[in-house]
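Beneath this line is the structure, given in structure tokens, with notes to follow.
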Amino acid sequence: MLAARDLTLPGRLEGVSAALREGEMTAIVGPNGAGKSSLLAALAGLEGGAVQLDGQALAGLGPRERACAIGYLPQAGEVAWNVSVETLAQFGRLPHRTGPAEDAAAVAAALSALGLDPLRRRPVAQLSGGERARALLARVLAGTPRWVLADEPLASLDLAHQQALLRHFSALADEGRGVALVLHDLAQAMNHADRVIVLSAGRVVAEGAPAEVLDEALIGRVWGLTARWLGEPGARALAC
């Protein structure tokens with residue numbers, strides 16, 4: 001379990017407690033400025049605060065151990081060198097002490113999962129925004145972390161790649177890994193997440209199964225919108 005207990009980051013989060021479980025995909029949702037990115041970064045061990053991994057303080061883990069356990073994709077990923085897509089993915093193996101064969105297999109699996117095989121030798125500077133986003137995620141997945149934390153991973157992707165990536169995240173959860181995503185699209189959270197955490201003004205205002213939490217009354221209270229859900233479970237759409 002990856003958990004925050006009474007986490008406070010001045011001006012961003014106030015007394016936030018949240019527990020994420022392996023084998024589930026958790027969507028973190030809320031209006032702009034609600035604290036979603038701050039919570040995800042804190043869960044990755046980048047903000048300090050009271051965060052525990054399997055009951056142990058995350059701050060007490062060494063950098064290598066933490067990097068092997070948690071893969072984090074920030075909202076605005078940057079690449080310092082104009083390396084190839086394959087080399088970028090290989091960076092995800094740096095915390096590991098495994099052999100070349102295992103490293104190569106992990107990189108190949110990450111590139112294949114994200115449809116990047118045709119681009120493996122292309123320099124990052126020649127990628128589109130969506131291709132670049134997938135390449136940065138491949139670096140995370142190549143590290144085979146127990147936890148995948150991704151901040152708005154769908155923002156630069158077209159509809160087909162969004163759906164493919166959501167299916168891949170669900171498959172990772174089915175394998176027993178923990179997945180947490182910051183999402184703005186409530187329909188994606190409703191249709192794909194196992195649990196949702198709703199933030200507003202730096203506080204958790206609701207959490208639980210999407211169908212139980214993301215009702216029209218909460219959407220009106222948190223987002224200030226009159227909205228209604230359409231469609232069947234698993235294929236819901238939000239009309240505003």
Under 3.5 Å donor-acceptor, [X] side chain and [Y] backbone:
{"X": "Q163", "Y": "A160", "answer": "no"}
{"X": "R139", "Y": "F91", "answer": "no"}
{"X": "D54", "Y": "M1", "answer": "yes"}
{"X": "H96", "Y": "G143", "answer": "yes"}
{"X": "K36", "Y": "G30", "answer": "yes"}
{"X": "N82", "Y": "A125", "answer": "yes"}
{"X": "Q162", "Y": "L157", "answer": "yes"}
{"X": "R64", "Y": "P95", "answer": "yes"}
{"X": "S170", "Y": "L166", "answer": "yes"}

[X] side, atom [atom1]; [Y] side, atom [atom2] - distance, nearest 0.5 Å:
{"X": "Q52", "Y": "L61", "atom1": "CD", "atom2": "CG", "result": "10.5 Å"}
{"X": "T26", "Y": "L20", "atom1": "OG1", "atom2": "CG", "result": "4.5 Å"}
{"X": "S38", "Y": "D151", "atom1": "OG", "atom2": "CG", "result": "9.0 Å"}
{"X": "L111", "Y": "Q90", "atom1": "CG", "atom2": "CD", "result": "8.5 Å"}
{"X": "I28", "Y": "H184", "atom1": "CD1", "atom2": "NE2", "result": "12.0 Å"}
{"X": "L119", "Y": "E86", "atom1": "CG", "atom2": "CD", "result": "12.0 Å"}

Could you list the donor-acceptor pairs under 3.5 angstrom formed between side-chain atoms of residues 40-48 and any protein atom two or more places apart in sequence or on another chain?
| from | atom 1 | to | atom 2 | distance (Å) |
| --- | --- | --- | --- | --- |
| E47 | OE1 | R12 | NH1 | 3.4 |
| E47 | OE1 | R12 | NH2 | 3.2 |
| E47 | OE2 | R12 | NH1 | 3.0 |

N/O donor to acceptor pairs below 3.5 angstrom from side-chain atoms of residues 229-240, sequence neighbours left out:
| from | atom 1 | to | atom 2 | distance (Å) |
| --- | --- | --- | --- | --- |
| W229 | NE1 | L214 | O | 2.7 |
| R236 | NE | L230 | O | 3.4 |
| R236 | NE | G231 | O | 3.2 |

Are [Y] and [X] connected into the same hydrophobic cluster when the rule is that any two of I, L, V, M, F, W, Y join if their side-chain heavy atoms are below 4.5 Å apart?
{"X": "L73", "Y": "V51", "answer": "no"}
{"X": "M190", "Y": "I197", "answer": "no"}
{"X": "L149", "Y": "V204", "answer": "yes"}
{"X": "L165", "Y": "L88", "answer": "yes"}
{"X": "V140", "Y": "L183", "answer": "yes"}

With a 4.5 Å cut-off on side-chain heavy atoms, are [Y] and [X] touching?
{"X": "R93", "Y": "V107", "value": "yes"}
{"X": "L53", "Y": "R146", "value": "yes"}
{"X": "L154", "Y": "D185", "value": "no"}
{"X": "V79", "Y": "R132", "value": "yes"}
{"X": "Y72", "Y": "P145", "value": "no"}

* V179/D194 under side-chain contact (heavy atoms from CB on, under 4.5 Å): CA gap, chis, key distance, verdict -> CA-CA 10 Å; V179 178; D194 299 299; over 6 Å; no
* Please report the C-alpha distance between L114 and L116 in whole Å, then the side-chain angles of each, then the deciding distance to 0.1 Å, and finally whether the side-chain contact (heavy atoms from CB on, under 4.5 Å) criterion is met. => CA-CA 6 Å; L114 296 172; L116 291 170; 4.0 Å; yes
[X] and [Y]: which non-hydrogen atoms are nearest, and at how many Å?
{"X": "A193", "Y": "A27", "result": "CB-CB, 3.8 Å"}
{"X": "V29", "Y": "W223", "result": "CG2-CH2, 4.0 Å"}
{"X": "A206", "Y": "V213", "result": "CB-CG1, 3.6 Å"}
{"X": "L181", "Y": "M25", "result": "CD1-SD, 3.8 Å"}
{"X": "P210", "Y": "A189", "result": "CG-O, 3.7 Å"}
{"X": "R120", "Y": "D117", "result": "NH1-OD1, 3.1 Å"}

* Asked: Could you walk me through whether V124 and W81 pass the side-chain contact (heavy atoms from CB on, under 4.5 Å) check?
  -> CA-CA 8 Å; V124 173; W81 303 285; over 6 Å; no
* **S84 side chain to R122 side chain, donor-acceptor N/O pair below 3.5 angstrom** =>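 No, R122 and S84 have no side-chain donor paired with an acceptor closer than 3.5 Å.
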* Please check if any side-chain donor atom of D6 sits under 3.5 Å from a side-chain acceptor atom of S17, or the reverse. => no
* To do: Begin with the C-alpha distance, continue with both residues' side-chain angles, and end with the deciding distance and a verdict on salt bridge (Lys or Arg N to Asp or Glu O under 4.0 Å) for E22 and R177.
  => CA-CA 5 Å; E22 288 172 299; R177 298 200 231 179; over 6 Å; no
* Checking side-chain contact (heavy atoms from CB on, under 4.5 Å) for the pair T8/L13: CA distance, chi angles, key distance, verdict? -> CA-CA 5 Å; T8 295; L13 298 175; 5.9 Å; no
